[in-house]
**Q** 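Please read through the structure below; I'll follow up with questions.
Residue numbers start from 1 in every chain, and the chains themselves are labelled A, B, ... in the order their sequence lines are given, proteins ahead of strands. Keep in mind that this is a model prediction, so the values were computed, not measured.
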Number of protein chains: 2
Amino acid sequence: MEAKRPTLEDVGRAAGVSRATASRVITGAHRVSEPTRNRVWRAVEQLGYHPDLAARALARGRNDVIDLIIIDEDAGQVGSNPYYSRVVSGILSALAGTETQMRTHVIDEPEAPTRLDDVARIVEVGALLINVPPELAARFSARCDRVVSLGLSAPHVPSIEAENAAGARAAVEHLYRTGRRKVVAVHGKPNNSCATGRRSGFASASIDAGHEPIGAEGGFCLEAGVTGTQQLLADHPDLDGIFAACDLTAMGVLRALNESGRRVPDDVALVGFDDSFLASVATPAMTSVRQPVEHMAAMATRALLADETGPSWHRVEPAPLQIRRSSAA
Amino acid sequence: MEAKRPTLEDVGRAAGVSRATASRVITGAHRVSEPTRNRVWRAVEQLGYHPDLAARALARGRNDVIDLIIIDEDAGQVGSNPYYSRVVSGILSALAGTETQMRTHVIDEPEAPTRLDDVARIVEVGALLINVPPELAARFSARCDRVVSLGLSAPHVPSIEAENAAGARAAVEHLYRTGRRKVVAVHGKPNNSCATGRRSGFASASIDAGHEPIGAEGGFCLEAGVTGTQQLLADHPDLDGIFAACDLTAMGVLRALNESGRRVPDDVALVGFDDSFLASVATPAMTSVRQPVEHMAAMATRALLADETGPSWHRVEPAPLQIRRSSAA
DNA sequence: CTGTTAGCGCTTTCAG
DNA sequence: CTGAAAGCGCTAACAG
């Protein structure tokens with residue numbers, strides 16, 4: 001049953017050439033004659049040959065693997081964050097057709113420093129950092145270039161992020177343009193670079209619209225949305241538009257609004273950030289600033305594969321507004 | 001900078017033993033004397049030695065990798081399904097502390113047959129099948145034992161699933177017990193084993209409660225929930241309880257109810273299935289039958305690691321009801 | 001253009 | 001209990 005997998009030697013024999021030549025055609029080196037190449041490929045087909053990745057890795061001294069590194073307060077919670085699976089999806093799509101694989105490390109917040117050092121040592125093609133705070137990212141990147149942070153990080157850590165400020169600005173402008181009078185915000189944590197970008201975009205757009213920025217401290221979670229909104233409602237009962245730091249927060253806002261008896265969008269318009277599937281699943285469907293997570297993860301992956309990252313590699317991707325019912329005029 | 005990683009040879013030298021002995025202590029073979037063992041471990045610490053996985057894989061003839069195989073109608077969509085990330089989370093938690101890694105394959109529906117054959121050939125420790133239809137799973141398992149399907153599959157394919165029927169039954173009983181008079185369902189696709197289990201649980205519980213089972217065909221997606229509910233509402237305006245095949249479907253139900261002007265739970269009570277984070281994020285928070293996805297994925301992973309799967313390996317895990325606001329009396 | 005020859009770092013008989 | 005030696009399957013000089 002368990003027939004042994006064919007090796008390069010077998011392929012060579014079947015094609016009447018040496019193992020080395022077979023290797024050359026398979027790895028795409030072009031120092032091989034047309035007819036030989038054909039014979040080798042035919043043998044490959046025939047035998048159903050697939051290279052042994054471990055052997056190749058050992059011989060090349062490098063394993064074709066991209067490391068995805070996620071820090072989470074509670075590793076068990078990763079399942080409930082739509083962001084992560086979008087990242088995975090993006091990486092995988094960039095890897096499709098490549099021999100390169102993705103390796104996932106989910107690290108508990110407390111053990112992050114140690115584990116990160118361990119992982120830095122074994123990175124091969126490159127690593128994507130998700131939710132790794134700037135200090136740790138800087139430390140990681142000192143041990144291992146070939147790294148990209150999703151979201152702005154420490155200065156010399158290569159990164160790719162969405163236009164957080166511009167996206168938030170667009171959201172606020174949209175709300176005022178469609179007739180809202182008092183737009184407030186539930187922000188993210190102050191130490192999160194994405195959150196601060198959105199916060200400043202909100203602030204400047206508010207000022208430009210002739211309003212003083214009003215916002216509640218929050219976080220990228222449901223509870224923050226709920227309590228933030230309750231407080232805003234108490235302090236500013238006349239608010240009629242809310243910008244939430246992310247979709248999850250926005251779901252909390254939605255709940256608090258519902259519980260306070262206000263209707264969305266009739267009484268209060270709502271805009272989230274991320275445009276994750278939560279936005280389309282919410283009732284009413286939620287207007288949200290689209291963060292092209294899959295695309296950013298794919299870009300980062302491709303940059304890593306092409307080895308074109310470096311301390312000055314930084315990308316900022318557009319974050320267009322997706323308009324849905326929750327902000328209907 | 002880029003100091004070469006220490007090898008077993010280095011460790012051996014530092015400990016004053018041969019490479020072979022060093023290997024023995026590290027792999028846990030116990031044919032080594034206490035003092036020698038200690039010296040080797042000390043050398044390991046000191047040098048910060050970590051085994052080269054590729055070399056080990058080559059020497060052992062087996063790579064310590066678990067393959068996660070997901071089929072999706074549209075590989076780009078994987079990012080928007082909370083189920084997948086729960087699976088990943090479960091696998092990773094079972095792998096924590098092991099040298100074993102997880103490898104992810106997302107396969108587009110149309111290329112499934114081919115790609116599946118390719119993957120079956122390279123499976124090492126074992127593979128987890130997600131959303132792989134029975135025929136394909138059977139074919140896969142013919143090429144490679146060491147596989148577990150998440151969700152019931154073809155007869156001889158090892159599988160682990162939740163108590164779908166019992167869970168659905170509990171949901172229906174709960175609704176009638178808390179005073180509802182007419183409980184209907186939005187089902188999943190008839191060719192999905194989880195969906196059919198829930199469907200039959202719904203049916204038998206309805207009958208036991210003295211009602212004829214009423215349900216709409218649907219699917220595990222938002223749209224199915226919306227249209228299914230609209231139809232049910234049209235045919236049975238007096239319904240006051242809905243059981244949805246999964247949380248995503250339930251979100252659709254919620255939307256349709258809202259748009260029809262019914263309030264949840266006052267006019268209609270709603271119960272979903274999965275108890276994914278969607279359930280807690282919905283407004284109102286949703287009662288849902290908990291499918292212990294992380295736990296099931298972890299169990300499957302552990303069984304694969306221990307090599308205790310086989311054609312008759314089947315597990316059924318309890319699916320307890322999580323009661324929340326959407327079904328409040 | 002192609003074959004020969006060394007290893008990559010580790011595990012695993014086989015002797016001692 | 002420990003060392004020596006033979007590969008695992010592949011790539012990469014180095015010759016021809």
**Q** For DNA chain C, which residues of residues 10-22 of chain A approach it to below 4.0 angstrom with any heavy atom?
**A**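 V17(A), S18(A), R19(A), A20(A), T21(A), in order of number.
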
**Q** Would you say NE2 of H314(B) has more than 12 non-hydrogen atoms from neighbouring residues, nucleotides or ligands within 6.0 angstrom?
**A** yes

**Q** With a 4.0 Å heavy-atom cut-off, tell me which residues in residues 39-53 of chain A come close to DNA chain C, sorted by residue number.
**A**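 Under 4.0 Å from DNA chain C: no residue of residues 39-53 of chain A.
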
**Q** Just compare dT2(C), dA12(D), dG9(C) and give me whichever is closest to any side-chain atom of L58(A).
**A**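 The answer is dG9(C), which lies nearest to the side chain.
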
**Q** In whole Å, I'd like the distance from the CD atom of E9(B) to the P atom of dG9(C).
**A**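 For the pair E9(B) CD and dG9(C) P, the rounded distance is 10 Å.
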
**Q** Rounded to the Å, how far apart are L8(B) CG and dC8(D) P?
**A**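 In whole Å, dC8(D) P lies 19 Å from L8(B) CG.
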
**Q** Just checking S23(B): base, sugar-phosphate only, or nothing, at a heavy-atom cut-off of under 4.0 Å?
**A** base

**Q** So, is T36(B) near the phosphate of dC1(D), with a side-chain N or O under 4.0 Å from OP1 or OP2?
**A** no

**Q** Any carboxylate oxygen within less than 4.0 angstrom of a Lys/Arg side-chain nitrogen, looking at R86(B) and E294(B)?
**A** yes

**Q** With the threshold set at 4.0 Å, does a side-chain nitrogen-carboxylate oxygen contact exist between R146(B) and D307(B)?
**A** no

**Q** Between the base of dG3(D) and the side chain of R24(B), is there a donor-acceptor distance below 3.5 Å?
**A**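 For R24(B), whose side chain was compared with the base of dG3(D), there is a donor-acceptor pair (under 3.5 Å).
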
**Q** Given side-chain contact (heavy atoms from CB on, under 4.5 Å), test M299(B) with R315(B) step by step and report yes or no.
**A** CA-CA 9 Å; M299(B) 277 197 68; R315(B) 295 285 182 281; 4.2 Å; yes

**Q** R56(A) CZ to dG9(D) C1': how many Å, rounded?
**A** 11 Å

**Q** Among the nucleotides dA12(D), dC10(C), dT2(D), which one has an atom lying closest to any side-chain atom of T7(B)?
**A** dC10(C)

**Q** Roughly how many Å is it from CZ in R60(B) to P in dT13(C), rounded to a whole number?
**A**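 It works out to 13 Å between those atoms.
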
**Q** Between N63(A) (CG) and dC10(D) (P), how many Å, whole number?
**A** 14 Å

**Q** Mind calculating the distance between CZ (R62(A)) and P (dG9(C)) to the nearest angstrom?
**A** 15 Å

**Q** Just so I know, are the side chains of V65(A) and M102(A) near enough to count as touching, which here means a heavy-atom distance under 4.5 Å?
**A**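 No - every pair of side-chain heavy atoms lies 4.5 Å or more apart.
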
**Q** Under a 4.0 Å threshold between the charged nitrogen and the carboxylate oxygen, would D64(A) count as salt-bridged to R56(A)?
**A** no

**Q** Is T27(B) close enough to dC10(C) that one of its side-chain N or O atoms is under 4.0 Å from OP1 or OP2 there?
**A** no

**Q** For N38(A) and dC1(C), give me the distance from atom CG to atom C1', rounded to whole Å.
**A**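 Distance check: N38(A) CG to dC1(C) C1' gives 15 Å.
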
**Q** If you measure from the Lys or Arg side-chain nitrogens to the Asp or Glu carboxylate oxygens, is any gap between R19(B) and E9(B) under 4.0 Å?
**A** yes

**Q** Begin with the C-alpha distance, continue with both residues' side-chain angles, and end with the deciding distance and a verdict on side-chain contact (heavy atoms from CB on, under 4.5 Å) for D52(A) and T7(A).
**A** CA-CA 8 Å; D52(A) 178 312; T7(A) 76; over 6 Å; no

**Q** Using a strict 4.0 Å threshold on nitrogen-to-oxygen distance, state whether R13(A) and D10(A) make a salt bridge.
**A**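 Salt bridge present between R13(A) and D10(A).
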
**Q** Quickly work out the I122(B) CD1 to dG9(D) P distance and round it to whole Å.
**A**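 That distance rounds to 16 Å.
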
